[in-house]
Amino acid sequence: METAQLIQIIAFVVINMAVFYFGGKKFYNIYKNVNLGKDKVIEGDRSERLKNVILIALGQKKMFKEIVPALLHLAVYLAFLITQIELIEIFIDGFTGGHRVLYNAFTELSFLKGIYVLVVNSIEILSVLALFATFVFLARRNLLKVPRLVRSEMNGWPKLDANIILFAEIYLVTCIFMMNGADQALHNNDYPFLLSKGFSNIVLSGLSEGSLHIIERVGWWGHILGVLAFIVYLPYSKHLHIMLAFPNVYFASLKEKGFMSNMPEVTNEIKLMMNPDTAFAAPADGTEPEIPTFGAKDVQDLPWTNLLAAYTCTECGRCTEQCPASQTGKKLSPRKVMMDTRDRLEEVALNIRENGVFVDDGKSLISDEYVSVEELRACTTCNACVEACPVMISPLDIIIQLRRNLILEQSNSPEEWNVMFSNIENNGAPWKFSPQDRFNWANEE
Amino acid sequence: MNIPTMAAMMAEGKKPEILFWVGCAGSFDDRAKKITRAFVKILNEVGVDFAVLGTEESCTGDPAKRAGNEFAFQMAAYQNIEIMNAYEVKKIVTTCPHCFNILANEYPELGGNYEVIHHSTFLQQLINEGKVKMKGGGEFKGRRITYHDSCYLGRANGVYEAPRKVLEALDTELVEMKSCRTKGLCCGAGGAQMFKEDEPGEKRINAKRAEEVAETKADIVAVACPFCMTMMKDGVSSDDPNTHTVKVFDLAELIAQGQGLEDIGM
């Protein structure tokens, strides 16, 4: 074995171990952070959940409400999916120092070789489509400034994050064509990969064998290093949806969107109150019963499914685009609710890592720094955001839990709502009418 | 109008097939009371075996729940479920999508299990069964109607087609707004917004919806919710010269007009 080859194998092994360690640690942190949320019973039929995963996560069904972005996204998605197959060979080559180990292992005209050729050709065609899509995406974000992509919550890191991912896509496709194109040129264009053959003929013709060899190596290493860097980058990025969309869709509610959970802790309180045996009695064992926290003030008060959803959010803004409050210039943006939840969760998790336990930092998810009272008040609970999300995130589910905390724990309610509550409690209607007049409509005209 | 109450029927030893849940808006709001009466006229005309709770009905708790006051909601639900279970209610029809949603989706866990149907679906069934027939007086000829989806009917419960099918029974032209069905723009009343001032913003949500109405050049906005009624009525009757002649009617009123049961003042 040549020294150069040996050095490459060692470098490959070391880099992979580093990625496994650092990436693994960060992913494990995300797992732990999601588990900072409260337990939640996952109700409903498992087969229906799996059907959703196949149709909505894998099949991207909800993306197709907007056909142009859906097709562009599909190109990137399929290119990404099918490239995973070629990565198998890249890893084998990397660890063994071989070159196209699988291609050479499959004998001529065998079924496996046919599949191999089909896969590589598909990767090349989809990569070109994905490249086109990426340029359109960059234009939509930075030149056309599609409204949902440029709202104020996208300023700073979120915008940079989105552009980094798009440039990474261009970089990866370039590497693939350097790798495959130079390989073609080095093998007299014998590989039956159509696009890289063209690339080799047009761009790489006339280069010396030495230069071609360097281009091939730069492409190969550039590609795999890009992929590995992407794995380490993912946990910091909105791009986590490529993995978390699947569990998020699986765990999403199967009930009608109009269903809003009935708080069992409230049902219990009411049952105790309504039962004459328990209403005025002291607890049997003499201890004061533990009073539950109503609603959610901070991220730890939310069920873990909401926290998973926060990490799943890709910040596409379809929710905010459809939100009636956002559309009429109110402060509320459902996407921002998801982004705030994730940011606050990261902050709480860091606090716990540094202190061993959570030390009160005087902040909470409900606050002017994160989700403000004004934003919470603007929601009409219309479910437009829930309907719009391609990966079944419900910003409304978080909003209502925060609202519950405002009302039930903090007694923070607009005066008009307090009047409405007391009307419902005292005269059975949200307005100040006597219950005795409720049937008067029958005699009027 | 013949409007039996559950109490009166029980005294006679009778149990109606269906309870008409009127709701707070339908009972107290002057505009919504007209919808209630129009729907009762249809029920009477068809001969539906129904009753109302009358003064025994009270708020389902929807605005309290959506505002975040789960206590007020569950107390209200507890009371209503006790009354309806005492009358052994099996089936409910209601003209309010908020009542429909909460009775159908949230009452069962608390012990209130009923078959709940919104009046749009109920009217569609009556039309399909041939029980509701249009007189064909021609008053709908040449009119453009657009239907405003109620969030708690559409997205919340997937009822998009029934109201449109009901409108198709009228001899009229049905046009859709820019955002409709799953993308239907809210009227701005839900989530207890009806009961407080708007948060600061550029415009009211119903004003934005009224702009979409204007784009359709419709003469009539059909709604299926008493809260959408209030919001759309206010929205179109603003100073906008494009919409101030537009009238807003509930499905029940349009059908009652079509049947010749009343003159709703189209």
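To find a chain, count down the sequence lines: A is the first, B the second, and so on, and within it residues start at 1. Values in this document were obtained by computation on a predicted structure and should not be read as measured data.
To the nearest 0.5 angstrom, A/T381 atom OG1 is 11.5 Å from B/K65 atom NZ.
In this structure, a donor-acceptor pair under 3.5 Å is absent between the side chains of A/N262 and B/E106.
Taking the six-membered ring where the residue is Trp, A/W431 and B/F195 present tilted rings, their angle falling between 30° and 60°.
For chain B, the option among A/E374, A/K65, A/E415 with the highest count of heavy-atom pairs below 4.5 Å is A/E374. If you tally non-hydrogen atom pairs under 4.5 Å between each of A/N443, A/L396, A/N440, A/T380 and chain B, the highest count goes to A/T380. Between chain A and the residues B/E56, B/E109, B/M194, B/R204, the largest count of heavy-atom pairs under 4.5 Å involves B/E109. Ranked by heavy-atom pairs under 4.5 Å with chain B, the list A/K331, A/E444, A/K257 is led by A/E444. Contact tally against chain B (heavy-atom pairs below 4.5 Å) for A/Q436, A/Q327, A/K255, A/M263: the top residue is A/M263. Considering only heavy-atom pairs separated by less than 4.5 Å from chain B, the leading option among A/I407, A/N423, A/I399 is A/I407.
Both the backbone and the side chain of B/M75 come within contact range of chain A, each with at least one heavy atom under 4.5 Å from a heavy atom of that chain. With a threshold of 4.5 angstrom between heavy atoms, A/E375 does not approach chain B through any atom at all. Heavy atoms of B/A25 lying under 4.5 Å from chain A belong to its backbone as well as its side chain.
What you find for A/E425 and B/A72 is that their closest heavy atoms are OE2-CB, 3.6 Å. The shortest non-hydrogen separation linking B/K203 to A/K330 is O-NZ, 2.7 Å.
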Would B/R155 and A/V386 satisfy side-chain contact (heavy atoms from CB on, under 4.5 Å), going step by step from the backbone distance to the final call? CA-CA 9 Å; B/R155 277 188 296 270; A/V386 185; over 6 Å; no

*Applying side-chain contact (heavy atoms from CB on, under 4.5 Å), run through B/F28 and A/D437 and close with a yes or a no.*
CA-CA 8 Å; B/F28 291 117; A/D437 295 337; 4.2 Å; yes

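With a 6.0 Å radius and a threshold of 12 heavy atoms from other residues, nucleotides or ligands, B/E115 has its CD atom at or below the threshold.
Geometrically, B/K33 does not engage A/W441 in a cation-pi contact defined by less than 6.0 Å to the ring centre and at most 45° from the axis.
Residues A/F421 and B/F71 keep their aromatic ring centres 6.0 Å or farther apart.
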